[in-house]
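First comes the structure, then the notes that go with it.
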Number of protein chains: 2
Amino acid sequence: MLPGVNDVTTDTQAAQVARLYYVQGLTTDAIARELGLSRPKVSRLLSHARRTGLVEIRIHDPQAQPQSLEAQLRATYPFLTPHVIRVPPGSSESVWLERVSVAAATLLGQTLRAGQTVGLAWGTTLDAVSRHLTPRHVPDLEFVQLNGSASARDFMSGFVTDTVTRFAGNYGARAHLFPVPTFFDDPLTKQAMWRERSVRHVLELQERADVLVYSVGAADAKLPSHVYVAGYLDPADQQTLAEQGVAGDIATVFYRADGTFGGIPMNARSSGPDLSLIARASQSICVVSGLGKVGALRGALAGGLMRTLVVDEPTAHALLHGLPG
Amino acid sequence: MLPGVNDVTTDTQAAQVARLYYVQGLTTDAIARELGLSRPKVSRLLSHARRTGLVEIRIHDPQAQPQSLEAQLRATYPFLTPHVIRVPPGSSESVWLERVSVAAATLLGQTLRAGQTVGLAWGTTLDAVSRHLTPRHVPDLEFVQLNGSASARDFMSGFVTDTVTRFAGNYGARAHLFPVPTFFDDPLTKQAMWRERSVRHVLELQERADVLVYSVGAADAKLPSHVYVAGYLDPADQQTLAEQGVAGDIATVFYRADGTFGGIPMNARSSGPDLSLIARASQSICVVSGLGKVGALRGALAGGLMRTLVVDEPTAHALLHGLPG
DNA sequence: CCGTCCCTTGAACGTCTGTTCATAACGGCT
DNA sequence: AGCCGTTATGAACAGACGTTCAAGGGACGG
């Protein structure tokens, strides 16, 4: 059997084992005896069933406590469905990102429906999410990249492509890559490219996307957003952004602390979508982790730039009650 | 805490533990340390979360093998969605019923939607199903009994009421009982009762039911259908039915081996619904277990009297390929 | 204020489960 | 055919899990 090709015999047997285990409540031992298999084999089939998404486990939350961070977020931002992820006390930000991306991956798996188009940004956060997706086949699903990843200076070749491909592959979906530079040097070149049919096709897919998935970027995050460290912006660019009061970015399109984004020159050079696309989207999932992103997140929320937020508990707390100390 | 009243604190904590366990994949030990609880307490919360339906586990079946019994059933009865439940080789029919009712209870939990009305028959099979339901709150759900259970000879008082109440209680739904005799002695009495407003209310609910749940009855089942042993039918009645080629019943309304049910005098005395109600229903779940029910099941299938069937594997096999020996 | 009942708690136990590792079976290639 | 790399298998182990049970704590009534 080739890797990646799913064996229908194994899947059938795994489903049968999973039913006996999870529905009928038998032990692996009893299942092994009943089906004439060895117990380790049953255990392996069970792992297979879980890993390949053949078994889906969802948690139905009771209504949140009124004093919870989620309730406070809902009260402050009425358009928002927040998911605040608890982390172990005293843990590092890399643990927070791990927890948040696992939760976001699970949420995405429960959200996607057949026939939808999903707009996808890229970066450190979404890469982490992509590594925790539960495999599932969703018919007629399409992923479209929201901002370009082909940069003259992109020494981490494959990083972005891998992320998008991992999402698409996980759901048996088509991936539409966006092979343009993340930032153009000349806005006119961007305008010219935007008239190209191949680019227009991607832009149309972005327009009619049912679900958007992205994070917010911030220059001062402890785990820095990819775009700020990979050499996409030269020092002069970064200084210009700071002078204009830029608080963060979504898909390499910048916005200010109050959530506005008009009249920021750099955006004319960015390959990312106009943020009104983000604001208009009926379903948009924003995944955020790390105290360094608090400012960027507050700005995005002020601008109504997300409908669903997955965030770790310390970051959510800092957002609402300020940073400790 | 009063029994039956769910403690919101416990539920919240249980949901949190369940998320850490099932979504984040931590061990009970790690969860205990993180939340400052003892490991047994975490284990108990986890059980609580599963038992109360806070955690939902569903198995996504890969498409069935072409030579499987399910595929054969689908080919023979194109209107049917079959669920064939495997049982241990050499096991007794009571084990089959156990397996089938667990599977049926799980299926029902995945089927019901807010606002629906569910028509419910009663008997040995549905009683077994009622004992395996996963608790879940479904808003605005109503259960309505399909056939009467108040019989002058009903010495097993409470049996039927308990079944229906168990279903309703499990989903936080309202139960509409049907307090008329299972069989009237005089058809005219039935007609008179059918003009009563209380009865008409039940009949209207039956008419607009979204989902029907029932089994098929057969006189010769090894685990005999309740109606044939509880003294509802006297020997003369039973002989009359046999003479008219009756193959089985659904909610104490009889049909022949070819699935027709017109002109069976006994049905004029039965409190159950006209079988055209069953045939018309968009969703109808029939739960069948035991070789004795093969004939009754074959008749019901011939008449198109179900859309979904949950049946054990030996019974399904006997249906398609005849009884062994 | 004390006794009783009942529920909750966590240490300890025995079972169940995932994984490891040595061996066997398989399939491709020369 | 014969070799070799790869995959599948089940006995054995270590760890994780659910449950039991004796002790502790709170509510209620005497």
Side-chain angles (χ1 to χ4, degrees), chain A residues 1-57 59 62 88-89 95 98-99 102 131-132 134-135, chain B residues 1-59 62 65 88-89 95 98-99 102 131-132 134-135:
Chain A
M1 170 185 149
L2 276 63
V5 176
N6 46 351
D7 182 352
V8 64
T9 306
T10 307
D11 278 1
T12 308
Q13 211 169 26
Q16 189 181 357
V17 168
R19 269 191 300 270
L20 290 171
Y21 189 83
Y22 286 110
V23 179
Q24 301 286 346
L26 305 192
T27 68
T28 53
D29 208 4
I31 298 169
R33 279 198 304 274
E34 179 166 336
L35 302 183
L37 305 168
S38 72
R39 203 187 54 72
K41 170 126 210 178
V42 171
S43 178
R44 278 190 270 263
L45 285 168
L46 218 40
S47 313
H48 175 81
R50 281 188 292 251
R51 192 166 27 78
T52 60
L54 226 141
V55 174
E56 185 190 352
I57 302 184
I59 317 285
V95 172
E98 186 76 5
R99 289 274 176 105
V102 170
R131 296 178 190 283
H132 294 290
T134 325
Chain B
M1 172 185 148
L2 276 62
V5 176
N6 47 351
D7 182 352
V8 64
T9 307
T10 306
D11 279 0
T12 308
Q13 211 168 27
Q16 189 181 356
V17 167
R19 269 191 301 270
L20 290 171
Y21 189 83
Y22 286 111
V23 179
Q24 301 287 346
L26 305 191
T27 67
T28 53
D29 208 3
I31 298 169
R33 279 198 304 274
E34 179 166 336
L35 302 182
L37 304 168
S38 73
R39 204 186 54 71
K41 169 124 210 181
V42 171
S43 177
R44 276 190 273 261
L45 285 168
L46 219 40
S47 311
H48 174 80
R50 280 188 292 251
R51 191 167 27 77
T52 61
L54 228 142
V55 174
E56 184 190 352
I57 302 183
R58 47 172 86 198
I59 317 285
Q65 303 280 54
V95 172
E98 187 75 6
R99 289 276 176 103
V102 170
R131 296 177 191 282
H132 294 290
T134 325

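Numbers restart at 1 for each chain; the letters A, B, ... are given by sequence-line order, proteins then strands. The model shown is predicted, which means the values in this text are computed figures rather than measured ones. Heavy-atom basis, side chains included; hydrogens, waters and symmetry copies ignored.
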Quiz item: Just how far, in rounded Å, is P of D/dC17 from CD1 of B/Ile31?
Solution: 8 Å
Practice problem: Please tell me which of the listed nucleotides, D/dG10, D/dC13, D/dT19, lies nearest to the side chain of B/Ser43? | Solution: D/dT19
Practice problem: Measure the spacing between CZ of A/Arg50 and OH of A/Tyr22 and express it to the nearest 0.5 Å. | Solution: 4.0 Å
Quiz item: Does A/Ser43 use its side chain to pair, donor to acceptor, with the backbone of A/Arg39 at less than 3.5 Å?
Solution: no
Exercise. Report the distance from atom NZ of B/Lys41 to atom C1' of D/dA16, rounded to the nearest whole Å.
Key: 20 Å
Quiz item: Starting at CZ of A/Arg33 and ending at C1' of C/dC16, how long is that distance when rounded to a whole Å?
Solution: 12 Å
Quiz item: Taking the side chain of A/Ser47 as its heavy atoms from C-beta onward, which of C/dT19, D/dT9, D/dC17 lies nearest to it?
Solution: C/dT19
Exercise. Can you tell me the distance, in whole Å, between the CG atom of A/Asp29 and the P atom of D/dC17?
Key: 19 Å
Quiz item: Within the pair B/Ser38 and C/dT9, is there a side-chain N or O less than 4.0 Å away from OP1 or OP2?
Solution: no
Quiz item: Taking atom C1' of D/dC17 as reference, at what distance in whole Å does atom CG of B/Leu26 sit?
Solution: 15 Å
Quiz prompt | Minimum-distance nucleotide (side-chain atoms of B/Thr28 versus C/dT17, D/dC17, C/dA11) | solution = D/dC17
Quiz item: So which nucleotide from D/dG10, D/dC17, C/dC16 ends up closest to the side chain of B/Thr27?
Solution: D/dC17
Self-check item: Value in whole Å for how far the P atom of D/dT19 lies from CZ of B/Arg50
Solution: 8 Å
Exercise. Drop me the distance from A/Leu45's CG to A/Thr28's OG1, to the nearest 0.5 angstrom.
Key: 11.5 Å
Exercise. Could you state the atom-to-atom distance from CZ of B/Arg44 to C1' of D/dT20 in whole Å?
Key: 10 Å
Quiz item: Does B/Gln24 reach the main-chain N or O of A/Arg99 with its side chain, forming a donor-acceptor pair under 3.5 Å?
Solution: yes
Quiz prompt | Whole angstrom value for the distance that separates P of C/dT17 from CG of A/Leu20 | solution = 13 Å
